[in-house]
Amino acid sequence: MKIRLLALFSIFSVLATLAHADDTCSDIRLDAPGGSMEHVALRDQRLIGSCYAHSAAQIFDAWRFKHGDTDYAHQSSGFEIGQRFKIRDGYLRAQHDGIGVLPIPLSKLPIPLAKPGDTIDSIDGGEIHKLIPLIQSQGSCSQLELDSLVRNTSIDEYATGIMRIFWKYSDQYLTRRSAVEKEVAEAEMRSYEASKRYAQMDNTRNNGLAVARQSLKYELDPFFRGDALKGGVEELIKYNSDNLRIQNPRIAYSKLKADGDTVDMFETISIINCPEARRIKATGTF
C-alpha cells in the first residue's frame, strides 16, 4: 500500500511540475511586432474551398514584408491566386485530353505544370507548395483592388455568390437529366420483360437498345442545358448588375455550360483579376 501511495505521489509531483513549467511559457505570437505575420491580414475564404490559396498568399506576403517590401496595403488576394492557378492547369488538362488548345505557348507557363492525367475540375482544394512558384513568377493582385470591383462586400463574398448560383443550376440540370434517364431505363426494362414472351433477345437487339438510349440522352441534353442555362444566366446577370461596380463587364455568358465545372465558370466570368502591370512580385530568391 505504501509503495502504491509513493507511486501516486510521484506521479502527482511530476504532473504538478509539468503544469508549473507550462505556466511559465510565454505565448508565441506571429502577429506581434517583429513576428513573421505582423503585417499580414487575416483571411476569410467565405464558402470557397480556397484555404490553400489564401495560405499561399499569406506565406508570400510574410516573405515580402520580411525582406524589405513595405507596401502593407497590398495584401495578396488568395482567391485570385487560386483561380489563376486552377484555370492555367485546366488548360493543360484540356490539351492533354485533346479537347482544347493552350491560348499561350507551354514555354510561357510557370512551373509546376499539371501532370498528364491530373483531374482539375474544381476551384476548391489544392496544395500550397504548387502555388508558391506561380505567385513568385506572376505576382499577386491586391485584395484591396479586387474588393473595389464589387459593392459593399469582398471579392471572396462575391465569388461565393457566384458559386451558389452555379451549383443551383448545375444541380438542377443534373437532377432532371438523371430522372429522365431513370425513366428511360425502367421503360426499357419493361419492354425487355414483355419481349421475352415472344423472342429471345440477342446481342444485336441489346446493342440497338444501348444505341437508342445513348441517342435519347444526347437529344435530351441540349434541352435540359438550355432550360438550366436560361434561368442561371438570368440570375447571374442580375447578381452582377447588383454587385459589380464594373460597367459592361463583357462576360461571355453564352460560353457557360450547365454541366461544366467551377474552373470553367470562373474562367468565363474572368473579372476576378488585375492587370499584370499592377501585380506585386517578390524580389530576390524566394
Worksheet entry | Phe60 and Leu131, any side-chain heavy atoms less than 4.5 Å apart | no
Worksheet item: Does Glu235 come within less than 4.0 Å of Lys168, counting only side-chain N to carboxylate O?
Response: yes
Worksheet, complete the sentence: Of all heavy-atom pairs linking Asp71 and Asp69, the shortest is N-OD1, 2.8 Å
Discussion item. Before you tell me yes or no, could you show the steps for Ile280 and Arg64 under side-chain contact (heavy atoms from CB on, under 4.5 Å), namely the whole-Å CA-CA distance, both residues' side-chain angles and the distance that decides it to 0.1 Å?
Written reply: CA-CA 10 Å; Ile280 293 292; Arg64 287 172 45 223; 3.3 Å; yes
Worksheet item: Under 6.0 Å between the ring centres of Tyr158 and Tyr239?
Response: yes
Item to complete: Measure the acute angle between the ring planes of Phe65 and His39, then classify it against the limits of 30° and 60° as parallel, tilted or perpendicular.
Response: perpendicular
Worksheet item: Going through the checks in order, is the side-chain contact (heavy atoms from CB on, under 4.5 Å) test met by Gln75 and Leu144?
Response: CA-CA 7 Å; Gln75 299 286 326; Leu144 197 62; over 6 Å; no
Discussion item. Hydrogens and angles aside, do Asp61 and His74 bring a side-chain donor and acceptor to less than 3.5 Å of each other?
Written reply: no
Worksheet item: Side chains of Glu157 and Asn243: do they bring a donor and an acceptor to under 3.5 Å?
Response: no
Practice prompt. Using modelled atom types only, decide if a donor and an acceptor are shared between the side chain of Arg225 and the backbone of Lys257 within a distance under 3.5 Å.
Written response: no
Fill in: Interatomic distance, Lys281 atom NZ to Ser140 atom OG [nearest 0.5 angstrom]
10.5 Å
Worksheet, complete the sentence: The reported gap from CZ in Phe85 to CD1 in Ile135 (rounded to nearest 0.5 angstrom) is 10.0 Å
Worksheet item: Does Phe79 have its ring centroid less than 6.0 Å away from the ring centroid of Phe266?
Response: yes
Discussion item. Is there a continuous path of hydrophobic side-chain contacts, each under 4.5 Å between heavy atoms, that joins Ile237 to Met163?
Written reply: yes
Worksheet entry | pair Ile269-Leu236: side-chain heavy atoms closer than 4.5 Å | yes
Fill in: Arg84 with Glu80: basic N within carboxylate O range, under 4.0 Å
yes
Worksheet item: With hydrophobic residues grouped by side-chain heavy-atom distances under 4.5 Å, do Tyr253 and Phe166 end up in a single group?
Response: yes
Worksheet entry | Side chains of Glu145 and Arg278 in contact at under 4.5 Å (non-hydrogen atoms) | yes
Worksheet item: Going by heavy atoms in the side chains, are Leu146 and Asn273 under 4.5 Å from each other?
Response: no
Item to complete: Step through the shown structure and confirm whether more than 12 heavy atoms of other residues, nucleotides or ligands are within 6.0 Å of CZ on Arg245.
Response: yes
Practice prompt. Run the salt-bridge test on Glu127 and Lys130 with the 4.0 Å N-O cut-off and return the result as yes or no.
Written response: yes
Fill in: Distance, nearest 0.5 Å, that separates CE of Met37 from CG of Asp31
8.5 Å
Fill in: Interatomic distance, Ile246 atom CD1 to Ser241 atom OG [nearest 0.5 angstrom]
12.5 Å
Item to complete: Starting from the C-alpha separation in whole Å, work towards a yes-or-no answer on side-chain contact (heavy atoms from CB on, under 4.5 Å) for Ile81 and Ser76.
Response: CA-CA 8 Å; Ile81 289 168; Ser76 300; 4.2 Å; yes
Fill in: Point-to-point distance, once rounded to the nearest 0.5 Å, from OG of Ser137 to CZ of Arg279
9.0 Å
Practice prompt. Would you please test Asp156 and Gln143 for side-chain contact (heavy atoms from CB on, under 4.5 Å) and show each step?
Written response: CA-CA 9 Å; Asp156 298 273; Gln143 181 76 28; 3.0 Å; yes
Fill in: Point-to-point distance, once rounded to the nearest 0.5 Å, from CD1 of Ile128 to CD1 of Ile59
5.0 Å
